[in-house]
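Computed from a predicted model, the values in this text were never measured in an experiment. Convention: sequence-line order gives letters A, B, ...; per-chain numbering from 1.
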Amino acid sequence: MPELPEVEVICRGLRPHLVDRVVTGILASGKALREPVPLDRLQRELVNRLIMSVTRRAKFLQVGLDSGAMLIIHLGMTGNLGFFTPATEPAKHDHIRLILDNGLELRYNDTRRFGSIRILSPAEVSRLEETVYTTTGPEPFGEDFSAGYLFRLAKSREVAVKSFIMTNQVVAGVGNIYANESLFRAGIRPDRKVRSLSQKEWAKLIVAIREVLTHAIECGGSTISDFVNAGQEKGYFQINFKVYGKGGMACTACGAVIAKKNIGGRASYCCPKCQK
DNA sequence: CAAGTTACCTGACGGC
DNA sequence: TGCCGTCAGGTAACTT
């Protein structure tokens, strides 16, 4: 489900309700996510600590505690977080419930259980990039995500540009939807081999990625089937999709038929006329 | 070493 | 009605 915009929307929704709160208890389904839920460590290192910050790195949510420890949550494909009253009946696939000191609960729901929850000690937090983020590249809004960086990284490689920008080590947070949409916005075909792109095309693609992600965040993310923010509201960027999920339909810019093909095992869409 | 494939898990949908 | 194959927003661990 969530790519960078959806995680950012959830992050912004969580922050005002979590900062200055204390987790007073934890309930878990007992089912493992991508990794087993470290319930004992959570009881010891999360419960009764004051929450200081809620931030995002790539598609990870980072909850900073007054001890210097940090809770790190990844939503996988179907993960979601929201606030509920204790009286609200738990939903199917609610796996973790954090009881808060303001009478609400933060619930983590994840149908496919591809997400993860980790707790890091202050020592581990000080080595975040070498530990959790070893395969996580630059943030798309950071200054080290530049045309020169991409050109150098790509010059001796043959992979399709769409697979390349979906690789977290290249740039963090761009998944299938926003890779398709960004390449349309940049006028670049998704199956172009990366070594064929000029510095100018990389510069154009960077601008397109930033604009698409920014617009999606402003729209509250994209709701394909079930994404909701922390307040259980849907996003509406999907009404702005130009190519994603539109195979066989007319391009809104030129009227040509949007093509669908498989690139690197993922559904890929492009306008054969607008994208070169 | 880069690039392609498989695996993790549940559910929705279309075809028969 | 149900069974089967396919597909889905992610990513790490394989294989080639």
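In this structure, R113(A) atom CZ and dG11(B) atom P are separated by 10 Å, rounded to whole Å. Going from atom CD of E35(A) over to atom P of dA12(C) covers 10 Å, rounded to whole Å. Rounded to whole Å, atom P of dT10(B) lies 12 Å from atom CG of L33(A). The CZ atom of R192(A) sits 19 Å away from the C1' atom of dA3(B) (whole-angstrom rounding). In this entry the distance linking NZ of K260(A) with P of dC7(C) reads 7 Å, nearest Å. Remark: C1' of dC9(B) and CG of L75(A) are 16 Å apart, rounded to the nearest angstrom. A straight line from CD of E158(A) to C1' of dT16(C) spans 16 Å, rounded to a whole angstrom. In this structure, N176(A) atom CG and dA8(C) atom P are separated by 8 Å, rounded to whole Å.
With hydrogens and angles left out, the side-chain atoms of Q62(A) and T55(A) include a donor and acceptor closer than 3.5 Å.
Side-chain N/O atoms of K59(A) include one lying less than 4.0 angstrom from OP1 or OP2 on dT11(C). For dT11(C), the OP1/OP2 oxygens have a side-chain nitrogen or oxygen of H74(A) closer than 4.0 Å. In this structure, K193(A) does not reach the dA3(B) phosphate: none of its side-chain N or O atoms is under 4.0 Å from OP1 or OP2. Taking side-chain N and O atoms only, R34(A) has no distance below 4.0 Å to OP1 or OP2 of dA12(C). In terms of phosphate contacts, R266(A) brings a side-chain nitrogen or oxygen within less than 4.0 Å of OP1 or OP2 of dG9(C). At dA12(C), one or more side-chain N or O atoms of T135(A) fall inside 4.0 Å of OP1 or OP2 (strictly under the cut-off). When the side-chain nitrogen and oxygen atoms of R157(A) are compared with OP1 and OP2 of dC1(B), none of them lie within a distance under 4.0 Å. Here H93(A) does not reach the OP1 or OP2 of dC9(B): none of its side-chain N or O atoms lies under 4.0 Å away.
Residue contacts for F164(A): at a heavy-atom cut-off of 4.0 Å it reaches no nucleic acid atom on any strand shown. Residue contacts for N168(A): at a heavy-atom cut-off of 4.0 Å it reaches the sugar-phosphate backbone alone, with no base atom in range.
By the 30° and 60° cut-offs, the orientation of the rings of H17(A) relative to F83(A) is tilted.
The existence of a salt bridge linking R56(A) and E139(A) is confirmed by a sub-4.0 Å separation between a basic side-chain nitrogen and an acidic carboxylate oxygen.
When each of F164(A), F145(A), Y149(A), F151(A) is paired with W202(A), the ring-ring contact (aromatic ring centres under 6.0 Å, His included) condition holds for F164(A) and for no other. Of the candidates V207(A), I206(A), L205(A), L205(A) is the only one forming a side chain to side chain contact (heavy atoms under 4.5 Å, CB included) with I209(A).
Using atom P as the reference point in both dC14(C) and dC9(B), the two lie 15 Å apart (nearest Å). One P atom belongs to dT6(C), the other to dT5(B), and the distance between them is 16 Å to the nearest Å. Comparing the same atom, P, in dA2(B) and in dG9(C) gives a spacing of 26 Å after rounding to whole Å.
For F114(A) and dC8(B), the ring-to-base geometry satisfies the stacking test (centroid distance below 5.5 Å, interplanar angle below 30°).
Contact annotation: side chain of S225(A) to base of dG9(C), donor-acceptor pair present below 3.5 Å. In the interface, the side chain of R112(A) is paired with the base of dC9(B) through a donor and an acceptor atom under 3.5 Å apart.
Across all strands shown, the partner of dA8(C) is dT10(B), judged by Watson-Crick or G-U wobble contacts whose two distances both fall under 3.5 Å.
Aromatic ring centres of H95(A) and Y108(A): separated by at least 6.0 Å.
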